[in-house]
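These notes concern the structure reproduced below.
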Amino acid sequence: MNILVLGAGIIGVSTAWHLLERGHAVTIVDRQDAAARETSFANAAQISVSYCEPWANRQAPAKLLKWMFRNDAPLLFRPQLDWQQWRWGLQFLAQCNDGAFERNVRQLVALGSYSHAALKDVVRATGIEYHRLQRGIAHYYTDEAAFAGAADAARLMQEFGVARRVVSREELLRIEPAFRSFAHRIVGGTFTASDESGDARVFTEALAARCAARGARFLYGHDIERLEKAGGAIAAVQVRDRASGARQRLQADEVVVACGSYSAPLLRSVGVDLPIYPGKGYSATFRIRRPELAPSVSTIDDEVKCAISRLGDELRVAGTIELGGYDTSLDSPVAQARCRMLAERIEQVLPGVCDTRSEAEGGNPRYWTGLRPATPTNIPYIGRTRVGRLWVNAGHGTLGWTHGAGSGKAMAELISGEQPSLAFRFHGFDAPREGWRTRAA
């Protein structure tokens, strides 16, 4: 089949790769000038199967209220005159209970495990290098009450087959000695040896190059202007070349929307209304000054809810989510406060290890923000829509890198009429005991 993939981030490129593996002809469209230039560009770098808890939990409503007036809050809700935001928020609150939390974790772990295996298969097949570190992910706590809850979280993951375990402060420091100067604040942690880290942008760029070598056609620098629908199915996709202004009308047997947060408005234009809302995430990438003191185990800081990952001679710190629309600016007071928090936290935790100076001070920090395509459950939409020949692979929130390879593989399997081997409710499909079947479109 001739398949059109809209979006060249980790989700779209992974989808394209697995479609090519199954013999399909693929065209990929993206408004940027290369792959992985938006949400996949500078994320937390973690492949975190074991750290996939949904934002919606029993404690979330109280925390949101407490954090509303803090510019550096881990999860900041900024009310807008946008009913899509309020609808999303109400659906999110409906998920803030123990039953929904456990159901959602079950699906996220299933997709994460499937995706991690798929990523390993792609790496074996291609030899792609992307600053990969297979040393697990640690999670440290500075609050006794929060650490007390770590055992329940680890036990839940163990029930789903993930070997996340509680560790003492002493064991955590043996796993990653780089945090010894911060040891007086750490009360304990958890560790999962099977998780890993690596640069999502580098991986996606390399996989896109291999897709092109296998015959995939990339239309970079093209805006997706319109989905044309006729007779209940997609007839064509109209795109415009940003450089020349020339328009093309692209036709395909199947169309996959993998445009991250921008998938929702695009799909609504043809009557497919999915609760995907942008969560503005931040990261900072600093040059490592003292490599011998820098961490090599990717780590989560529970107090400020940020991830710390080593990427060669640089350190990436990423975290915080801001629900406030499609703003990607870095110059607002809120954005500046959140970037400053990341730099200050690294100096607190790893003093003198990185060059965290501002440009005014002679440094060269690389701050970045991207829109995480969030759903109220944190579970992405992967499957077919009610419009014929139109598929969706979006809504991965902060887990796009963790779930990217598997989401692309499952999407290619579904389009090819295959049955993905994981217990996950794909959009537009039912899951009876005898196997998967599609609902009538």
Side-chain angles (χ1 to χ4, degrees), residues 38-39 41-44 52-98 100-101 104 108 146 259-269 271-284 301-307 318-342 344-345 367-381 392 394-400:
E38 297 208 17
T39 308
F41 185 75
N43 65 16
C52 63
E53 289 94 336
W55 305 341
N57 57 57
R58 187 174 45 182
Q59 295 81 26
K63 288 181 178 179
L64 281 170
L65 286 174
K66 182 177 71 174
W67 290 337
M68 275 195 72
F69 303 103
R70 274 183 50 192
N71 283 349
D72 62 351
L75 179 56
L76 177 62
F77 184 82
R78 294 177 57 208
Q80 308 289 308
L81 293 175
D82 178 2
W83 79 272
Q84 293 288 350
Q85 184 198 50
W86 288 95
R87 182 185 72 157
W88 188 96
L90 291 173
Q91 293 178 338
F92 174 85
L93 290 175
Q95 298 294 318
C96 293
N97 60 78
D98 291 344
F101 180 82
N104 296 337
L108 290 168
C259 300
S261 297
Y262 298 95
S263 300
L266 184 62
L267 289 167
R268 281 197 292 271
S269 70
V272 177
D273 191 6
L274 299 179
I276 298 172
Y277 196 78
K280 186 177 182 181
Y282 292 80
S283 79
D301 181 325
D302 190 75
E303 183 177 335
V304 299
K305 302 294 189 291
C306 71
T320 80
I321 289 293
E322 181 184 333
L323 296 165
Y326 288 83
D327 169 37
T328 58
S329 66
L330 279 170
D331 56 1
S332 70
V334 171
Q336 290 177 358
R338 293 168 96 74
C339 291
R340 189 163 54 248
M341 182 275 288
L342 295 176
E344 290 173 353
R345 188 59 173 179
Y367 293 110
W368 170 87
T369 184
L371 299 179
R372 315 300 195 194
T375 68
T377 61
N378 277 72
I379 298 170
Y381 290 98
V392 60
H396 295 75
T398 57
L399 294 170

Within the distance-only criterion (no hydrogens, no angle test), does the side chain of Asn378 pair as donor or acceptor with the backbone N or O of Trp55 below 3.5 angstrom?
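Checking the backbone N and O of Trp55 against the side chain of Asn378, a donor-acceptor pair under 3.5 Å is found.
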Is the side chain of Gln85 donor-acceptor paired with the backbone N or O of Gln80 at a distance under 3.5 Å, no angle test?
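Here the side-chain-to-backbone pair exists.
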Centre-to-centre under 6.0 Å for Trp86 and Tyr277, is that the case here?
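When the ring centroids of Trp86 and Tyr277 are compared, they turn out to be at least 6.0 Å apart.
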Would you name the heavy atoms of [X] and [Y] that are closest together and state the gap between them?
X      : Y      : result
Ala146 : Asp302 : CB-OD2, 3.7 Å
Ile321 : Arg372 : CD1-CG, 3.6 Å
Asn57  : Pro61  : O-CD, 3.6 Å
Pro380 : Leu108 : CD-CD2, 4.4 Å
Pro373 : Ile276 : CB-CG2, 3.8 Å
Met341 : Thr320 : CE-CG2, 3.3 Å

Show, in sequence, the C-alpha distance, side-chain angles and deciding distance for Leu323 and Phe92, and conclude whether the side-chain contact (heavy atoms from CB on, under 4.5 Å) test is met.
CA-CA 12 Å; Leu323 296 165; Phe92 174 85; over 6 Å; no
What's the separation between atom [atom1] in [X] and atom [atom2] in [Y], rounded to the nearest 0.5 Å?
X      : Y      : atom1 : atom2 : answer
Ser332 : Lys280 : OG    : NZ    : 5.0 Å
Arg78  : Asp327 : CZ    : CG    : 6.0 Å
Gln336 : Leu330 : CD    : CG    : 9.0 Å
Leu371 : Cys259 : CG    : SG    : 13.0 Å
Ser263 : Arg268 : OG    : CZ    : 10.5 Å
Thr375 : Leu274 : OG1   : CG    : 10.0 Å

side-chain contact (heavy atoms from CB on, under 4.5 Å) between Tyr282 and Glu322, intermediate numbers included:
CA-CA 9 Å; Tyr282 292 80; Glu322 181 184 333; 2.7 Å; yes
What orientation do Tyr326 and Tyr262 show, parallel under 30°, tilted 30 to 60°, or perpendicular over 60°?
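The arrangement is tilted - the two ring planes meet at 30° to 60°.
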Using side-chain contact (heavy atoms from CB on, under 4.5 Å), reason through Thr328 and Glu38 one step at a time and then give a plain yes or no.
CA-CA 10 Å; Thr328 58; Glu38 297 208 17; over 6 Å; no
